[in-house]
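Below you'll find the structure, written out as structure tokens, and then a few comments.
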Protein chains: 2
Amino acid sequence: MLRLSKLTDYAVVVLVRLDTGLEVQTSPGIAASIGIPEPTVAKVLKSLSSAGLVTSQRGARGGYRLARVLEDIPVGEVIAAMDGPIALAACVDGSVTECESRSLCPVRGRWDPVNDAIQSALSGISLADMREAAIPAVFRVPHSAVLEPSDVSR
Amino acid sequence: MLRLSKLTDYAVVVLVRLDTGLEVQTSPGIAASIGIPEPTVAKVLKSLSSAGLVTSQRGARGGYRLARVLEDIPVGEVIAAMDGPIALAACVDGSVTECESRSLCPVRGRWDPVNDAIQSALSGISLADMREAAIPAVFRVPHSAVLEPSDVSR
DNA sequence: CCAATCAGGACTGCGATGGTCCGGTTATGA
DNA sequence: TCATAACCGGACCATCGCAGTCCTGATTGG
Ligand code: FES
Ligand code: FES
């Protein structure tokens with residue numbers, strides 16, 4: 001299903017929500033504003049913080065703030081922060097899974113090109129793009145048609 | 001981790017292995033040649049068969065055969081056959097997950113562009129590409145040096 | 001000193017995945 | 001005709017990762 005984890009979905013929501021003019025926002029505040037349980041939001045924010053996507057301010061009147069503007073955060077980086085490095089198959093890089101029959105295996109570790117393709121696809125879309133997309137289409141200027149509608153089908 | 005299921009990995013191995021001049025190959029035979037337990041290979045082949053990627057011949061001297069040449073099988077199709085349709089987030093298309101706070105959610109169902117990007121990246125790589133990469137460099141005529149031998153190692 | 005907030009774990013329940021197995025059906029060929 | 005080889009379509013169970021919660025510190029502001 002190529003499904004990414006729910007936490008990653010939350011992370012995008014949280015990051016987009018953080019993009020306001022406010023100085024810092026607290027974890028309970030964000031949780032309330034997007035309707036996700038507070039402990040879960042806190043967990044997401046902690047992960048994002050250690051990944052360097054948000055900066056934190058401890059103590060009373062503390063909170064979180066975006067480390068960069070949304071335009072500079074590719075969605076692939078968010079996924080990597082939440083789900084770990086993107087590695088489709090077991091035999092890509094330093095994964096410890098031995099793949100016992102490596103000598104017989106006709107594809108060996110050759111998911112790499114696929115991996116790279118996804119990687120670059122994910123690097124080309126920023127969180128700002130996802131935020132923009134959420135705005136009803138009438139409000140958007142069609143600045144760039146990056147994707148062909150033709151092969152979007154199937 | 002964006003990890004795809006192990007069964008999908010096997011599927012690619014099996015499909016590439018099916019690409020020989022032989023008429024049909026049996027499930028036990030394939031299992032033996034790639035060193036994966038037979039029942040598992042059988043399961044994979046059944047899925048591939050119902051997805052129309054391989055054709056089957058029942059009865060004694062039966063077996064499986066590729067429905068198309070490897071060049072015409074994009075890797076995305078294999079993934080879809082094994083793991084179901086590619087849908088990154090919960091709120092993409094007709095998934096039943098309600099996403100209760102949809103009115104508040106700042107990204108709404110907007111994983112769609114990301115989804116499409118991955119989709120098209122996965123459609124651009126065929127199984128033939130993966131097979132080529134797997135053959136040891138010495139055996140390949142350098143008709144096209146698509147891959148550096150350096151990173152074949154690992 | 002006290003309150004608010006983040007940090008970093010441990011912990012648990014659930015669901016999907018992987019792997020196996022079994023009874024049934026179809027085709028070959030002796 | 002009959003035995004055999006292979007696929008078909010399930011059911012079945014163990015395991016593992018994920019989602020979600022909670023608890024104990026550390027840090028800052030009032
Ligand atoms: S699946 Fe790991 S080496 Fe082939
Ligand atoms: S996460 Fe589903 S609508 Fe926002």
Side-chain angles (χ1 to χ4, degrees), chain A residues 1-11 13-14 18 22-32 35-65 67 79 82-84 87-90 95-97 99-100, chain B residues 1-11 13-14 18 22-32 35-65 67 79 82-84 87-90 95-97 99-100:
Chain A
M1 214 180 306
L2 254 226
R3 179 181 47 85
L4 46 77
S5 73
K6 227 169 179 182
L7 277 296
T8 308
D9 194 2
Y10 294 162
V13 178
V14 166
L18 266 178
L22 300 178
E23 269 306 304
V24 295
Q25 299 189 52
T26 73
S27 161
I30 298 174
I36 294 174
E38 194 275 333
T40 303
V41 171
K43 188 178 197 172
V44 169
L45 281 167
K46 282 179 227 175
S47 300
L48 293 177
S49 173
S50 48
L53 288 175
V54 301
T55 60
S56 63
Q57 173 74 26
R58 298 178 72 155
R61 308 222 27 178
Y64 292 97
R65 177 189 345 210
I79 295 177
M82 302 299 301
D83 285 3
L88 278 186
S95 58
V96 214
T97 12
C99 276
E100 58 281 347
Chain B
M1 211 179 310
L2 252 226
R3 178 182 47 86
L4 48 76
S5 73
K6 227 169 177 181
L7 276 296
T8 307
D9 195 2
Y10 292 162
V13 177
V14 166
L18 266 178
L22 300 178
E23 268 308 303
V24 294
Q25 297 189 55
T26 74
S27 159
I30 299 174
I36 294 175
E38 194 275 333
T40 302
V41 171
K43 188 178 197 173
V44 168
L45 280 168
K46 283 181 233 175
S47 301
L48 293 177
S49 173
S50 49
L53 289 175
V54 301
T55 60
S56 63
Q57 172 75 26
R58 298 179 69 155
R61 310 223 26 178
Y64 292 97
R65 176 188 346 209
I79 295 177
M82 301 299 301
D83 286 2
L88 278 186
S95 57
V96 215
T97 12
C99 275
E100 59 281 348

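Just so it is clear: chains get the letters A, B, ... in the order the sequence lines come, proteins before strands, and each one is counted from 1.
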* Examine distances only and state if a side-chain atom of B:T40 and a backbone atom of B:I36 form a donor-acceptor pair shorter than 3.5 Å. => no
* Structure fact -> Looking only at D:dA19, D:dT21, D:dC7, the nucleotide nearest the A:P37 side chain is D:dT21
* **Whole-Å gap separating C1' (D:dA6) and CD (B:E23)** => 16 Å
* Asked: Between atom CG in A:L4 and atom C1' in D:dC18, what is the gap in whole Å?
  -> 13 Å
* To do: Identify the heavy atoms of B:Y10 and B:V44 that sit nearest to each other, and give their distance.
  => CB-CG2, 4.1 Å
* **Nucleic acid contacts - residues 56-65 of chain B versus DNA chain D, non-hydrogen atoms under 4.0 Å** => B:S56, B:Q57, B:R58, B:G59, B:A60, B:G63, B:Y64
* Asked: Atom CE of B:M82 and atom P of C:dG19: how far apart are they, to the nearest Å?
  -> 11 Å
* Passing option when B:V41 is tested against B:T26, B:V13, B:I30 for side-chain contact (heavy atoms from CB on, under 4.5 Å) -> B:I30
* Nucleotide C:dC14, atom P - distance to NZ of A:K6 in whole Å -> 14 Å
* **Residues from residues 40-52 of chain A lying under 4.0 Å of DNA chain D - heavy atoms** => A:T40, A:K43
* Asked: Which pair of heavy atoms, one from A:E38 and one from A:P28, lies closest together, and at what distance?
  -> CG-CA, 3.7 Å
* Given side chains that start at C-beta, do those of B:E23 and B:R65 come closer than 4.5 Å, heavy atoms only? -> yes
* To do: Nearest whole angstrom, please: distance from the P of D:dT21 to the CD of A:E38.
  => 10 Å
* Side-chain N,O (A:Y10) to OP1/OP2 (D:dA19) below 4.0 Å -> no
* Asked: Heavy atoms, side chains only, cut-off 4.5 Å: are B:S5 and B:T8 in contact?
  -> yes
* Mind checking whether A:L48 and A:M82 have side chains closer than 4.5 Å, heavy atoms only? -> yes
* Please report the shortest heavy-atom distance between A:T55 and A:A67, naming the atom on each side. => CG2-CB, 4.0 Å
